[in-house]
Each structure stands twice: as C-alpha cells, then as structure tokens.
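Here the structure is a predicted model, which means the values were calculated and not measured. Counting starts at 1 for both ligands and their atoms, following the listed order. Note: hydrogens, waters and symmetry copies are ignored here, and every other heavy atom, side chains too, is used.
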Amino acid sequence: MSTQTTEQRVQSARLFERAQKVLVGGVNSPVRAFKAVGGQPVFVDRAEGPYVHDVDGNRYVDLVGSWGPAIVGHAHPAVVEAVQQAAARGLSFGACCAAEAELAELIVDAVPGVDMVRLVSSGTEATMSALRLARACTGRDKVLKFLGCYHGHVDALLVAAGSGAATFGQPDSAGVPKVFAESTVLAPYNDLSAVEDIMASHGSSIAAIIVEPIAGNMGYVTPSDGFLEGLRRVCDKHGAFLIFDEVMTGFRVAWGGYRNLCNVQPDLTCWGKVIGGGMPVAAYGGSRETMSQLSPLGPTYQAGTLSGNPVGMASGLVTLGICKSDGFYDALGAKAAKLAGGLSTAAREAGVPLRTGSTGGMFGMAFSESPVRNFDDAQRCDHARFARFFTAMLNRGVWLPPSGYEAMFVSAAHNDETLDHVVGAACESFRSVAS
Ligand SMILES: *Cc1c(COP(=O)(O)O)cnc(C)c1O
C-alpha cells in the first residue's frame with residue numbers, strides 16, 4: 001500500500017500556519033486539533049460519499065463523518081439538491097415554516113414517549129435547554145452526570161474530572177463558575193450502585209440524571225445489562241428526570257436512537273448530529289406535559305434566531321427520509337460490524353491487544369486487554385499507541401478521529417471496497433505499532 005508523507009500535505013501546513021494567526025490554535029473546535037495524536041490538522045477541500053479530500057489532493061476513507069452527521073455519505077445528491085432548493089427560497093425567515101413541523105413529526109413518530117420537540121441549532125443547546133427544563137419541572141438545581149460522558153460545552157455539564165463515586169465536581173474547564181460545577185454530581189459510568197448511593201444522600205436536590213445511552217465520548221462504551229433500567233428506577237424513586245443525550249446515538253445506532261434498542265423511557269431526550277444531516281440542527285423532546293413547561297406555553301425560556309431554519313430542515317428531512325428506508329440500519333450495522341471484526345482480526349494477527357464493538361452505524365476500538373466499561377478503563381487504554389496508529393492510518397488514506405477517546409462512524413456510502421481499504425491499512429498499521 002502506498003503511503004503519504006507530510007511533504008504531501010504542504011497546502012494543509014500553509015493553511016494551518018495562516019489559521020493559527022487568527023483562529024485560536026488554528027481551529028474552531030478543539031477536537032479538530034491534532035494535539036492528542038501529534039502532527040498538524042489536515043485541511044479539507046471537499047467530501048463526497050465515504051471520502052474526504054484534502055487541499056493537497058489526497059483522498060481518505062472517512063470514519064468520522066463530521067463526528068456523526070454524515071450518515072448517508074457526504075454530499076448525497078438528494079440532500080444537496082434539497083438544500084439548494086431551500087436556500088434559493090431564503091436562508092432563514094425567523095418565522096414559522098412547514099418543514100419544521102415535518103421534521104418534528106418524523107422525530108415524534110420515531111421515538112416512543114416523545115410527543116413534542118423543540119428544535120435548536122446544536123447539541124450543546126439541546127442538552128443545556130433540556131437540563132433547564134428538568135430543573136424547572138422538578139424545582140431542583142443539581143444534576144448527576146457520568147465521568148467521561150460529554151454533553152456539549154454547557155457550564156454545569158463541562159465537569160468530568162475526579163474519580164470515585166459521589167465526587168463533587170471540579171470544573172474541567174477554566175471559567176466555569178464554581179457554583180455551576182458544584183451543582184454537578186459525578187458517578188462512574190455503568191456503576192449503578194454508586195448512583196443509588198448518591199441518590200440516597202442527595203436525591204431530593206437532584207433535578208436530573210443525564211446519560212449517553214451508549215457513551216461515545218470516551219471511546220465506545222456500551223451500557224451494562226440493567227444499567228439504564230436501573231437509572232430509570234432510581235429516577236422514579238427520587239422524583240428526578242432521566243435525560244438521554246442521544247445527540248450522537250440518535251438516528252445513528254437505530255431509527256430513532258438507542259431508545260428503540262432498549263426498554264427504557266427517558267423523560268427528556270436530546271438529538272443533534274444526524275438529524276441535521278450536516279447542517280446545524282438539534283432538538284430536545286419529551287411528553288406533552290413536560291414540553292408544555294417551555295415558553296411560549298410555560299415559564300421556562302429558550303429561544304433561537306436560526307432555530308428551525310428552512311435550510312437545516314431540508315437537510316435533516318431528506319437525510320432522515322433516507323434513513324427511514326427499509327433495511328437502512330441493517331445494512332449500516334452490517335458495515336460497522338464488518339469493520340469492527342476486520343480491525344479485531346488484523347490486530348490479533350499483529351499481536352496488538354484491541355477491543356472493538358459496534359451498534360448500528362457507530363463503532364469503536366480501544367487498545368486494551370480488558371473490556372472498557374467506564375472512564376477509568378478508557379484512560380488506561382494505550383493512547384500513545386493510538387496516536388501512532390492514527391498517523392499510520394492517515395498516511396494510508398484513512399481518516400480517523402484524532403483522539404483515542406472518540407467513537408467512529410460508517411455511512412451508507414461506505415461499500416466493500418472502502419471497508420477493505422480500511423482493514424488493509426489497519427493490517428499494516430497494527431504491525432507498525434506492535435512494538
Ligand atoms: C456532539 C455531542 C454533543 C454536543 O453537540 P454540539 O452540536 O457539538 O454542540 C452533546 N452530546 C453528545 C453525546 C455529543 O456527542
């Protein structure tokens with residue numbers, strides 16, 4: 001397999017130098033920096049189907065998918081056409097349009113227990129607003145979140161540091177007011193007894209437990225048997241809301257989201273990423289009673305100039321329309337499973353300990369001997385090896401997330417040829433990082 005070198009990313013290097021002068025770290029989202037893997041960010045010229053093309057003319061099989069949204073493949077002709085048509089009729093009205101109700105109907109139809117949604121423009125906005133609504137409905141201030149779960153850069157949710165059960169949060173970011181961090185209680189993922197203990201002592205002040213039903217921001221960590229069911233039980237016992245943050249998993253692991261793969265009914269759910277198909281669209285929703293507490297029906301305020309804008313709606317509607325077609329998630333799931341299996345075999349042959357797994361169009365890999373069940377386990381993975389693997393794969397035309405703490409995604413546009421390319425590149429790359 002031919003490999004690329006940094007000399008073949010000359011234009012990226014130039015653009016990065018320019019960007020660093022006026023953009024903080026040269027990026028607009030820290031995850032795009034290559035801090036965790038070394039090297040410099042690769043600048044994208046265009047993306048098409050399963051591929052990303054950089055500004056130097058190199059092509060990569062994309063396993064990031066814009067961090068999730070690109071579920072039907074990049075620049076899908078039907079999505080592009082719908083966006084172009086919508087754009088020609090006006091980019092934003094700041095007023096009601098038909099497509100908003102259409103997208104809301106699709107979500108409400110897809111997810112049991114959700115009667116109404118509010119459309120917003122980012123996952124962060126969705127979780128922030130869902131938390132506000134939970135606080136409004138319960139009259140309580142605190143929130144319980146799990147170590148290693150990411151819910152966007154909301155002040156009270158930007159807390160993940162510390163270890164052990166019942167750690168009162170230390171801010172993970174500078175600038176988060178201490179009082180906000182203190183309103184966040186942390187528990188280890190998949191540790192129901194820790195949650196039960198916390199709730200036994202703080203339950204009456206906790207508005208909500210927020211959880212990624214599959215954790216995708218500390219690698220790929222699935223819920224243990226009974227974990228989500230247990231959270232539901234504990235929330236019911238203490239009168240707290242259960243919030244599913246399905247910004248990543250929603251319409252990604254199954255039609256609707258992980259809600260439809262488990263038997264647990266959250267009080268509020270957040271979506272993002274896939275539901276906009278690449279445009280800034282997100283949502284949160286729940287029962288009619290809960291959502292009616294939101295302005296203009298109720299006392300909880302939340303608003304957005306660009307919320308429900310017609311271009312985002314067009315992109316989301318066509319993307320979800322494709323996702324809804326018969327067999328879509330079976331085919332997508334088979335691809336992710338094939339890739340996870342292929343990576344596993346390649347690693348074993350190279351003598352590299354690797355854990356893989358997949359659900360629907362989401363999959364993960366961890367350089368670990370033992371299963372990864374929580375943030376502690378995720379931190380113990382061999383991240384230095386991941387960094388070397390990342391570079392080896394990049395040089396063989398595979399676009400991975402630049403951190404070992406991320407999940408990965410396939411799209412409907414990934415075919416056998418692209419998957420075989422990834423596995424072939426992985427065989428060589430595992431060998432190169434084996435020692
Ligand atoms: C990406 C993500 C968010 C934040 O969404 P943004 O659109 O980046 O604000 C929140 N929660 C989860 C689980 C995510 O993966």
request  = May I ask you to decide if Ala340's main-chain N or O and Thr356's side chain share a donor-acceptor pair within less than 3.5 Å?
outcome  = yes
task = Check ligand 1 against Asp245 and write out every atom of the ligand that is under 4.0 Å from a heavy-atom position of the residue.
result = 10 (C), 11 (N), 12 (C), 13 (C)
note = In this structure, atom 3 (C) of ligand 1 is nearest to the protein heavy atom Val247 CG1, 3.6 Å
ask   = Would atom 8 (O) of ligand 1 count as contacted, meaning some protein heavy atom under 4.0 Å?
value = no
inquiry  = Taking 4.0 angstrom as the limit and counting only heavy atoms of Met248, give me the atoms of ligand 1 inside it, by number and element.
reply    = 15 (O)
request  = State plainly whether the residues Arg233 and Asp236 are in salt-bridge range, i.e. N to O under 4.0 Å.
outcome  = no
query = Would you find more than 12 non-hydrogen atoms of other residues, nucleotides or ligands less than 6.0 Å from Glu48 atom CD?
reply = no
task = For His151, counting its heavy atoms only, list the atoms of ligand 1 lying under 4.0 Å from any of them.
result = 10 (C), 11 (N)
request  = For Tyr150, counting its heavy atoms only, list the atoms of ligand 1 lying under 4.0 Å from any of them.
outcome  = 11 (N), 12 (C), 13 (C)
request  = For the residue pair Phe386 and Phe389, categorise the inter-ring angle as parallel (less than 30°), tilted (30 to 60°) or perpendicular (more than 60°).
outcome  = tilted
request  = Have a look at ligand 1 and work out which part of Thr124, if any, has a heavy atom under 4.0 Å from it: side chain, backbone, both or neither.
outcome  = both
request  = Kindly give the heavy-atom pair with the smallest separation between Glu100 and Met313, and that separation in Å.
outcome  = CA-SD, 3.9 Å
task = Output the list of atoms in ligand 1 that are nearer than 4.0 Å to some heavy atom of Glu212, sorted by atom number.
result = 13 (C)
task = From atom 6 (P) of ligand 1, work out which of Ala215, Gly123, Ala126, Gly68 has a heavy atom at the shortest distance.
result = Gly123
query = Strictly under 6.0 Å, is that where the ring centroids of His383 and Tyr405 end up?
reply = yes
key: Per-residue contact class, Asn217 against ligand 1 - non-hydrogen pairs under 4.0 Å   = side chain
ask   = When you measure from the side chain of Lys335 to the backbone N and O of His414, does any donor-acceptor pair fall under 3.5 Å?
value = yes
message = Taking 4.0 Å as the limit for heavy-atom contacts, which would you say applies to Lys273 with ligand 1: side chain only, backbone only, both, or neither?
response = side chain
key: Side-chain donor-acceptor pair present, His53, Asp45, cut-off under 3.5 Å   = no
note = If we number the atoms of ligand 1 from 1 as shown, the ones under 4.0 Å from a heavy atom of Ser122 are 7 (O), 9 (O)
